[in-house]
Student: 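Can you keep this structure in mind? I'll have questions shortly.
Order of the sequence lines fixes the chain letters, A, B, ..., with proteins taken first and strands second; residue numbering starts at 1 for each chain.
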Number of protein chains: 2
Amino acid sequence: MDRRASSPSSGEALLFLTDEQLRQGIEAMFFAYRGFTADPDRILADMAYGRAHHRAIHFIGRAPNTTVNNLLNILGVTKQSLNRVLRTLIADGLVESKVGRMDKRERHLNLTQAGRTLEQTLSDAQRARMRAAFREAGPDAVSGFRTVLEAMMDGEMRATYGRLKDTTS
Amino acid sequence: MDRRASSPSSGEALLFLTDEQLRQGIEAMFFAYRGFTADPDRILADMAYGRAHHRAIHFIGRAPNTTVNNLLNILGVTKQSLNRVLRTLIADGLVESKVGRMDKRERHLNLTQAGRTLEQTLSDAQRARMRAAFREAGPDAVSGFRTVLEAMMDGEMRATYGRLKDTTS
DNA sequence: GTTGGAGTGTCAACAACACTGACATAAACT
DNA sequence: AGTTTATGTCAGTGTTGTTGACACTCCAAC
């Protein structure tokens with residue numbers, strides 16, 4: 001079994017592309033993602049909510065007045081799945097849904113005051129961990145971190161990510 | 001709302017710690033993780049398996065002869081949850097479970113030949129994406145990527161990750 | 001102006017996979 | 001002998017994903 005990356009583009013070592021390095025990258029991603037979601041998960045566990053609610057709240061806060069369909073594309077789930085989450089959030093008064101003025105088929109989504117408060121709480125917890133990690137790693141590492149993550153996304157997601165990124169740049 | 005990181009340690013700008021930068025980091029993590037799991041998910045969808053089976057197979061392959069309890073600690077799930085997965089993998093002849101020689105209470109887990117084949121298939125798909133991302137980003141970015149991910153883990157996970165990393169170093 | 005197709009959202013039922021709690025068994029430890 | 005440890009299992013529950021069926025709205029072709 002070859003431990004060296006297949007077909008290196010030059011005679012160079014390219015040590016960072018060995019299978020072992022790649023496997024460590026995979027495992028780092030697995031463990032880090034657990035840490036990444038741990039704090040919001042803890043907060044949400046006390047309410048009747050889960051990670052799906054967090055994601056919905058996050059992106060509604062991020063792209064106010066968005067439609068259900070747009071949110072669907074961002075989240076990458078079926079509309080039925082999103083709808084269940086959305087229904088409870090609306091019933092609990094965290095999100096409000098307004099029929100579109102131009103196109104009455106559409107529903108435009110926004111956080112209520114209570115929704116913004118919860119969003120802030122969850123986001124504070126997650127940002128605190130991210131901030132600590134960023135600070136510990138330093139600016140150069142952070143830049144590399146983002147470069148690799150962007151390269152790891154699917155084309156579609158990268159476009160969505162870029163679009164979101166640019167709105168507040 | 002303060003857009004600057006709270007209490008910077010010096011008069012420096014620390015631009016990489018602004019709330020906006022942190023939020024972009026959070027979203028990058030979300031989208032990248034989707035890409036990260038997309039390829040194995042596609043393969044597994046055709047079989048009767050899911051992501052949980054993939055994780056079990058990965059870490060059994062990584063830490064051969066491991067015990068159930070050890071695997072439990074790595075995966076961070078309950079034994080009931082792991083057992084359901086393990087039962088099907090053993091029934092399907094992908095994993096074999098042997099009573100411990102020293103301590104007969106323990107079960108030692110190993111991949112069978114069929115298990116190794118599947119592990120290789122899944123891992124090839126995931127590594128291909130990781131390799132492409134690493135190559136595109138370059139060695140410095142990769143180093144930063146790993147530094148940030150390690151800093152993002154919980155203490156326990158970081159220990160587990162380090163232990164795994166060292167076995168094959 | 002009506003009809004048909006496309007777009008959008010909702011309800012219902014089901015599957016995967018996590019959780020808790022309770023309990024059984026066997027081996028090891030004291 | 002009594003306790004702890006390692007593992008497995010049964011039953012019940014919750015979150016979150018899926019597909020299928022259906023209702024409402026818009027628009028364009030007839």
Student: Just compare C/dA22, D/dG8, C/dT10 and give me whichever is closest to any side-chain atom of B/V68.
Tutor: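 Nearest to the side-chain atoms of B/V68, counting from C-beta on, is D/dG8.
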Student: Picking from C/dA18, C/dG9, D/dT15, which would you name as closest to the side chain of B/A52?
Tutor: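 In terms of side-chain proximity for B/A52, the closest of C/dA18, C/dG9, D/dT15 is C/dA18.
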Student: Of the listed nucleotides (D/dT18, C/dC19, D/dG8), which one gets closest to any side-chain atom of B/V77?
Tutor: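 Selected nucleotide: C/dC19.
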Student: Using a 4.0 Å heavy-atom cut-off, does A/K79 contact any base of the nucleic acid, only the sugar-phosphate backbone, or nothing at all?
Tutor: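 Here A/K79 touches the bases of the nucleic acid.
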Student: Check the orientation of B/Y161 and A/F31. Use parallel for under 30°, tilted for 30 to 60°, and perpendicular for over 60°.
Tutor: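 Plane angle over 60°, so perpendicular.
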Student: Looking for any heavy atom pair under 4.0 Å, which part of the strands does B/H53 touch: base, sugar-phosphate only, or nothing?
Tutor: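 Result for B/H53 = sugar-phosphate.
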Student: May I ask you to verify whether the side chain of A/Q80 and the base of D/dG20 hold a donor-acceptor pair under 3.5 Å?
Tutor: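 In this structure, the two groups form a donor-acceptor pair.
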Student: Please check if atom CD in B/E156 has more than 12 non-hydrogen atoms from other residues, nucleotides or ligands closer than 6.0 Å.
Tutor: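 Incorrect, the count does not exceed 12.
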Student: Output yes when a side-chain donor or acceptor of A/T112 lies under 3.5 Å from a complementary backbone atom of A/L94, and no otherwise.
Tutor: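 Confirmed, A/T112 side chain pairs with A/L94 backbone.
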Student: Measure CG/B/L72 against C1'/C/dC19 and give the value in whole Å, please.
Tutor: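 Between C1' of C/dC19 and CG of B/L72: 13 Å.
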Student: Examine B/F145 together with A/F16 and report whether their ring centres are nearer than 6.0 Å.
Tutor: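 Ring centres of A/F16 and B/F145 not closer than 6.0 Å.
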Student: What nucleotide, of D/dA6, D/dG8, C/dT8, holds the atom closest to the side chain of B/S97?
Tutor: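 Out of D/dA6, D/dG8, C/dT8, the nucleotide with an atom closest to B/S97's side chain is D/dG8.
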Student: Name the nucleic acid region contacted by B/R84, choosing base, sugar-phosphate or nothing; use a 4.0 angstrom heavy-atom cut-off, strictly under.
Tutor: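 B/R84: base contact, heavy atoms under 4.0 Å.
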Student: Taking only the side-chain heavy atoms of B/N83 (C-beta and beyond), determine which of C/dT20, C/dA28, D/dT9 contains the nearest atom.
Tutor: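 The nucleotide sitting nearest to the side chain is D/dT9.
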Student: C/dA22, D/dT15, D/dT19: which one has an atom nearest the side-chain heavy atoms of A/A48?
Tutor: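 So the side chain of A/A48 is nearest to D/dT15.
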Student: Once you round it to whole Å, what is the distance between C1' of D/dT5 and CZ of B/R107?
Tutor: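 That distance rounds to 13 Å.
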Student: Quick one: which of C/dT20, D/dT7, D/dG17 gets closest to the side chain of A/S81?
Tutor: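 From the listed options, D/dG17 comes nearest.
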Student: Specify the separation, in whole Å, of atom CG of A/D41 and atom C1' of D/dT15.
Tutor: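 Result: 11 Å.
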Student: Any side-chain to backbone donor/acceptor pair from A/T147 onto B/A137? Under 3.5 Å, distance only.
Tutor: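 It does not hold such a pair.
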Student: Where the side chain of A/R105 is defined as all heavy atoms beyond and including C-beta, which of D/dT7, C/dA6, C/dA27 is the nearest nucleotide?
Tutor: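 Nearest nucleotide to the side chain: C/dA6.
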Student: From CZ of B/R87 over to C1' of C/dC17, roughly how many Å is that when rounded to an integer?
Tutor: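 Whole-Å distance recorded here is 13 Å.
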Student: Whole angstroms only, please: what is the CG-P distance between A/L89 and C/dG9?
Tutor: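 Those two atoms, CG and P, are 16 Å apart.
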Student: Nearest-Å distance, CG (A/L71) to P (C/dT8)?
Tutor: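 Spelled out: CG on A/L71 to P on C/dT8 is 14 Å.
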